[in-house]
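Counting from 1, the numbers follow the sequence of the chain as shown.
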Amino acid sequence: MSADKETTAVLISGGVDSAVVVHRLAERGVPMHLFYIRIGLDNGEGDCSADEDIEMCTLIARRYELPFDVVSLHQEYWDNVMAYALNTVKAGLTPNPDIMCNSIIKFGYFEQRWGHNFLQTATGHYASTLIDKEQRKWLATAVDPVKDQTDFLARISGEQLSHLIFPLGDIPKSEVRRIASDAKLPNANRRDSQGICFLGKINYNDFIRRHLGERPGAIVELETGRKLGEHRGYWFHTIGQRKGLGLSGGPWFVVRKNVADNVLYVSRGYDTDKQYGRTIHLAEMHFITCDPWGNSASSPEGVAVRFKNRHTPEFLPGRIRRLDDAVGEYIIESDVDVQGIAPGQFTALYDTEHKVCFGSGIITGRAVER
């Protein structure tokens with residue numbers, strides 16, 4: 001495996017996005033070495049979807065006459081990312097394996113073992129970077145707000161970011177498809193993956209069931225205390241969830257969990273105020289490049305921000321302030337109603353023009369006095 005400081009390591013997945021990354025860099029004459037990170041199933045067996053991905057990656061490598069290696073981070077993935085996911089759902093919280101996969105696997109173990117040997121590492125994420133007047137590198141949003149993936153990158157470190165480039169950040173998804181079609185790439189019409197990072201074709205609920213089993217409990221209407229049905233385990237459900245409850249007469253939304261008693265509380269109606277909130281308490285705050293606010297975040301009025309508490313094209317407006325009596329704890333006061341504030345999830349934080357992603361905090365669900 002060759003490695004040098006004039007070559008760019010490119011993480012490819014078999015999908016159209018990373019293939020277009022290769023195409024665009026090739027057009028610029030950038031020397032490249034392609035890598036596919038292989039993660040097997042949790043029973044140690046291979047994943048047929050990974051075999052298909054690798055076949056597609058091999059075709060791309062041959063097309064551009066580039067070196068290509070498949071590297072395994074199987075044990076590291078299951079020991080870290082999926083252990084985190086299982087522990088989080090068992091605690092009644094909502095995990096985000098994709099965020100942890102990026103920070104721990106793609107830009108953690110891969111960089112430590114292979115990526116650091118190269119000039120830089122390129123990926124097919126929809127994101128970009130910018131350099132300020134002090135020569136600091138910041139994670140910036142993509143031009144396509146629907147595809148923007150900075151919220152999935154909001155837990156990486158400044159050191160990791162310093163070695164990354166995102167060649168798709170300046171074009172929309174439609175342009176990616178057009179480039180792939182014009183270049184006659186073998187995966188130009190391949191569908192985008194919709195699953196959890198590296199789970200391939202595995203159903204998420206089947207994965208949770210395999211490891212945590214089922215634990216039937218009551219589904220109760222929050223307002224009346226009336227039992228409406230049963231669930232198979234609170235770990236299959238998240239705050240704000242509507243589908244998959246098996247209840248008639250809805251819509252019903254999950255608005256609360258009682259982990260100790262194994263009870264799922266729901267509220268009916270699209271407009272029920274029980275599924276909305278405006279105050280979000282964050283812990284374990286993580287800044288990618290540096291804290292952009294300093295002491296101004298400790299003022300009673302805080303500072304204006306945009307934020308995402310789930311993967312959507314919307315950057316919500318609000319104000320954030322640091323709590324005086326706690327390290328790494330902040331509170332967001334949203335200017336608009338926020339649907340499905342799920343403890344355990346990450347909230348990504350941006351400047352008021354949602355151009356720069358500063359980092360993220362973890363939603364606790366704890367009530368904090370305003």
Side-chain angles (χ1 to χ4, degrees), residues 42 81-82 84-100 146 151-152 192-197 199-281 307-314 316 334 336-347 362-367:
D42 54 322
V81 179
M82 296 321 294
Y84 144 79
L86 289 170
N87 290 335
T88 301
V89 296
K90 192 172 183 180
L93 306 173
T94 301
N96 193 320
D98 292 303
I99 287 180
M100 303 307 285
V146 174
D151 50 326
F152 290 136
D192 293 337
S193 172
Q194 300 297 321
I196 301 296
C197 175
L199 277 188
K201 296 179 180 178
I202 305 171
N203 178 275
Y204 181 69
N205 280 346
D206 288 344
F207 165 76
I208 296 297
R209 184 177 292 106
R210 182 187 306 163
H211 289 272
L212 299 183
E214 294 186 352
R215 186 186 172 196
I219 301 178
V220 174
E221 184 174 20
L222 181 66
E223 293 83 355
T224 66
R226 180 168 57 103
K227 181 179 177 180
L228 303 175
E230 284 198 344
H231 60 81
R232 295 293 183 182
Y234 61 79
W235 39 70
F236 295 114
H237 304 281
T238 186
I239 303 299
Q241 176 182 337
R242 177 169 66 90
K243 297 181 179 179
L245 293 171
L247 301 177
S248 60
W252 296 95
F253 288 85
V254 178
V255 294
R256 187 179 301 171
K257 295 182 188 181
N258 184 325
V259 174
D261 296 332
N262 195 28
V263 176
L264 208 62
Y265 290 96
V266 298
S267 188
R268 180 167 56 185
Y270 286 111
D271 296 324
T272 172
D273 60 2
K274 300 296 188 299
Q275 63 168 309
Y276 296 98
R278 288 205 174 193
T279 302
I280 304 174
H281 176 252
F307 68 94
K308 286 186 182 185
N309 73 312
R310 60 183 62 236
H311 185 58
T312 73
E314 299 177 336
L316 303 178
S334 177
V336 298
D337 291 338
V338 182
Q339 194 266 342
I341 301 172
Q345 271 286 16
F346 294 85
T347 292
I362 301 177
I363 301 173
T364 69
R366 182 165 73 88

Residues two or more places apart in sequence or in another chain: which of them pass side-chain contact (heavy atoms from CB on, under 4.5 Å) with L222? V255, R256, Y265, K274
Would you say the side chain of L86 lies within less than 4.5 Å of the side chain of W235, judging by non-hydrogen atoms? no
Would you indicate whether R209, at its atom CZ, is surrounded by more than 12 heavy atoms from other residues, nucleotides or ligands within a distance under 6.0 Å? yes
Give, for atom CD1 of I362 and atom NE2 of H281, the distance between the pair rounded to the nearest 0.5 Å. 11.5 Å
Is F152 close to H311 at the side-chain level, that is, under 4.5 Å between some pair of heavy atoms? yes
When you compare the side chain of D98 with that of V81, does any pair of heavy atoms fall below 4.5 Å? no
Test of understanding: with side chain to side chain donor-acceptor pair (under 3.5 Å), list the residues that count as partners of N258, not counting sequence neighbours. D261
Mind checking what makes side-chain contact (heavy atoms from CB on, under 4.5 Å) contact with Q339, not counting sequence neighbours? F253, Q275, Y276, R310
Set of residues satisfying side chain to side chain donor-acceptor pair (under 3.5 Å) with respect to E221, sequence neighbours excluded: T224, R226
A quick test of your reading: do over 12 heavy atoms of other residues, nucleotides or ligands sit less than 6.0 Å from CD of E314? no
Which residues pass the salt bridge (Lys or Arg N to Asp or Glu O under 4.0 Å) test with K227, not counting sequence neighbours? E230
Spatial distance of atom CD (Q345) from atom OG1 (T364) [nearest 0.5 Å]: 13.5 Å
Please check if the side chain of N262 supplies one atom and the backbone of R215 the other of a donor-acceptor pair under 3.5 Å. yes
Give me the atom names and distance for the closest heavy-atom approach of I280 to F307. CD1-CE1, 3.8 Å
Side-chain donor-acceptor pairs of residues 240-249 under 3.5 Å, sequence neighbours excluded:
from	atom 1	to	atom 2	distance (Å)
Q241	OE1	H237	ND1	3.4
Q241	OE1	T238	N	3.0
Q241	NE2	H237	ND1	3.1
Q241	NE2	K243	O	2.8

If you take all heavy atoms of A342 and T94, which pair is closest and at what distance? CB-OG1, 3.7 Å
Hey, are the side chains of K90 and L212 touching, using non-hydrogen atoms and a 4.5 Å cut-off? yes
Closest non-hydrogen atom pair between I239 and P343, with its separation: CG1-CD, 4.0 Å
Just by modelled atom types, is the V89 backbone N or O under 3.5 Å from a matching donor or acceptor in the Y234 side chain? no
Can you give me the closest heavy-atom contact between V266 and W252, atom names plus distance? CG2-CE3, 3.6 Å
So do L93 and K257 actually touch side chain to side chain, heavy atoms under 4.5 Å? no
